[in-house]
Amino acid sequence: MTEPTSTPRRPLVIGYGNSLRRDDGVGWHVAQALAVDPRAADLEVLAAHQLTPELAEDLHRATVAVLVDATPDAPPGSWQVLRLSPAAQSPGGASSHACTPQTLIALARQLYGGAPPVALVAVGTACFDDGDTLTPAVAAAVGPIVDHVLELAAEGW
Amino acid sequence: MTTKTTPNQLIIDPVTRIEGHSKITITLGEQGEVTDARFHVTQFRGFERMCEGRPVHEMPSLMARICGICPVSHLVASAKAVDAIMATAPPPAGARLRRLMNLAQILQSHALSFFHLSSPDLLFGFDADPAKRHLYGLVQEFPQFAKDGIALRRYGQHMIELLGGKRIHPAWVVPGGVTSPLRAEVRDEILAGVPDAIERVRRALDWYKQAMSRWNEETEVWGNFPTAFLGLVSEDGTAEHYDGTLRAIGPAGTIIHDEIAPTDFANCVGEAVEPWSYLKSTYLAKLGYPDGIYRVGPLARLNVVDRMGTPRADEELAEMRSRLGRWPSSSFHFHYTRLIETLYCCERIEQILRDPGILSGRVRSQAGINRNEGVGVSEAPRGTLMHHYVVDDDGLVQRANLIIATGQNNLAMNRGVKQVAQQYVKSDKLTEGMLNRVEAVIRCYDPCLSCSTHAVGQMPFHIQLVGPSGTVLDELATP
């Protein structure tokens with residue numbers, strides 16, 4: 001309702017995390033970098049604290065979606081891409097404050113009739129302490145992750 | 001939710017679907033009857049001390065970090081307090097733009113409270129299977145309702161983002177006004193969304209009115225007792241969320257305080273603390289503690305005003321008063337009044353945006369430290385919000401005091417919990433339906449405990465049932 005229905009569909013990138021918890025904010029930092037990157041001019045880029053139900057409509061409108069989040073379960077600065085197939089997701093629970101990528105896909109499908117292919121870029125981290133800076137290994141990975149996200153968004157798989 | 005049973009005490013811990021961490025203790029007498037119930041806020045509050053020594057110009061952006069749910073409310077009240085210290089006022093367009101963002105905040109927060117947090121109980125029933133009594137349950141069984149809630153919240157958040165540059169913690173509201181004027185294309189985009197927002201609120205209101213007879217029992221016993229009400233009112237008696245003066249009325253409409261300037265708030269509001277909660281309890285000073293119990297928020301605001309001041313909301317207010325009486329007392333009616341106020345927000349946003357002066361480039365006054373004390377008062381989604389700062393001659397904060405809406409409703413929430421517990425707890429064993437009812441009476445107030453301290457993760461809830469010897473009989477908690 002906040003954007004005209006004629007808004008052209010385009011790739012969506014959501015980088016999310018708590019930017020005041022050091023590496024937890026790596027997704028947010030990636031989104032910030034993309035927001036000023038001329039190569040991302042044709043993308044819709046959102047930086048968020050966390051995924052919320054309101055993002056389901058953005059997801060529904062997108063041609064493809066790339067989510068970028070932190071994970072404590074991988075070496076700092078490494079990343080892996082998980083391709084989430086909408087058909088394979090179960091709804092799960094959804095709260096007003098946060099939801100998982102799978103729940104967001106389910107909400108988009110259930111409420112708006114469909115969701116695009118979604119990739120999750122899970123970035124390995126070292127530290128979730130208070131602070132607004134990334135640890136060196138994670139900070140060094142932001143640039144290459146931006147490049148990779150642009151490739152993923154361009155694929156339109 | 002987890003259950004814990006001990007001989008003399010019943011505990012619900014944590015409370016769910018509210019903002020912050022809390023628990024409830026229910027104490028039983030010799031015959032198993034409820035003798036007392038308390039709503040404990042278990043988070044430590046320390047923001048006021050953290051502010052000491054900070055430059056006062058930092059306060060608005062610092063205060064916005066208190067809460068991720070209503071940062072705009074703290075931003076506005078804080079900026080107004082610093083305006084007072086600078087002995088200045090924003091230019092007219094700057095004040096209107098602040099008002100606009102405050103209305104957007106109330107709109108999105110009310111949508112969250114009603115559609116996401118409370119409507120699962122209203123639509124499925126308070127005894128429904130908790131496995132489906134949540135937002136995704138709505139999506140599956142009442143998709144239009146879920147879409148309306150999501151769309152309204154999104155509209156309010158998007159408006160905040162358009163005005164302030166981001167949805168959460170925007171730094172656009174500053175001492176003296178706002179940092180940048182409104183652009184015509186942003187005005188037009190917000191205006192374009194108004195009819196759709198109104199349609200969605202009307203749909204919810206229409207449903208609520210035809211369904212409300214289902215909740216006659218809840219209305220009777222959920223926080224239904226006489227208290228005073230407090231809120232801001234404009235000069236002409238209409239609703240006011242940004243400026244105006246404080247008005248407090250008794251349960252039958254008797255004026256207790258009227259035309260109290262924000263700077264004089266301490267003349268009508270006193271503060272008390274209890275050893276069992278980190279949440280302060282405020283009271284009307286004229287009536288003393290705890291007799292000075294009062295309520296703030298949408299129910300209070302609609303009770304203290306003569307009328308809303310926008311056409312559709314005025315129609316709805318008149319209808320509500322014809323249904324419930326001039327000064328409804330049940331806290332269950334927070335839901336109804338919240339919807340009417342959401343409609344008002346949509347209309348008022350449109351009114352403000354259609355004022356040609358809204359595009360003026362003069363949006364900020366500049367001044368230094370001209371007073372050592374300042375008070376800012378505005379209406380937040382949950383009720384009246386007061387920021388009071390004392391600074392030294394260099395503008396460093398010496399003392400800060402925040403009186404938040406949830407603290408002002410603290411006495412009423414405690415009394416409401418006791419009333420519901422006395423109605424539904426008849427033995428030393430809790431049921432899920434009972435727990436949900438105790439939680440739901442608190443949800444009526446839409447408390448935001450994160451104003452007191454930041455919540456980490458999901459809002460937990462904790463209820464304790466305490467026997468006459470002080471032993472915990474039973475305990476329920478969400479994981």
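By convention in this document, chain letters (A, B, ...) are assigned in the order of the sequence lines, proteins followed by strands, and residues within each chain are numbered from 1.
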Student: List the steps, then state whether side-chain contact (heavy atoms from CB on, under 4.5 Å) holds for R154(B) with D58(A).
Tutor: CA-CA 10 Å; R154(B) 181 182 162 86; D58(A) 296 287; 2.6 Å; yes
Student: Identify the two heavy atoms, one from L111(A) and one from A146(B), that lie closest to each other, and give their separation to 0.1 Å.
Tutor: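 Heavy-atom minimum between the residues: CD2-CB, 4.0 Å.
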Student: Please indicate whether D188(B) has more than 12 foreign heavy atoms, meaning atoms of other residues, nucleotides or ligands, lying under 6.0 Å from its CG.
Tutor: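 Yes.
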Student: Which pairs count as ring pair (Phe, Tyr, Trp, His ring centres under 6.0 Å) when at least one residue sits in residues 107-134 of chain A, sequence neighbours excluded?
Tutor: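 Qualifying pairs: H60(A)-Y112(A).
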Student: Sequence neighbours left out, cut at 3.5 Å: what donor-acceptor pairs do the side chains of residues 131-142 of chain A make with other protein atoms?
Tutor:
residue : atom : partner : partner atom : Å
T133(A) : OG1  : R22(A)  : NH2          : 3.3
T135(A) : OG1  : D23(A)  : OD1          : 3.1
T135(A) : OG1  : D23(A)  : OD2          : 2.7

Student: Can you measure from NE2 (H158(B)) to CD (E54(A)) and round to the nearest 0.5 angstrom?
Tutor: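 One gets 13.0 Å once the value is rounded to the nearest 0.5 Å.
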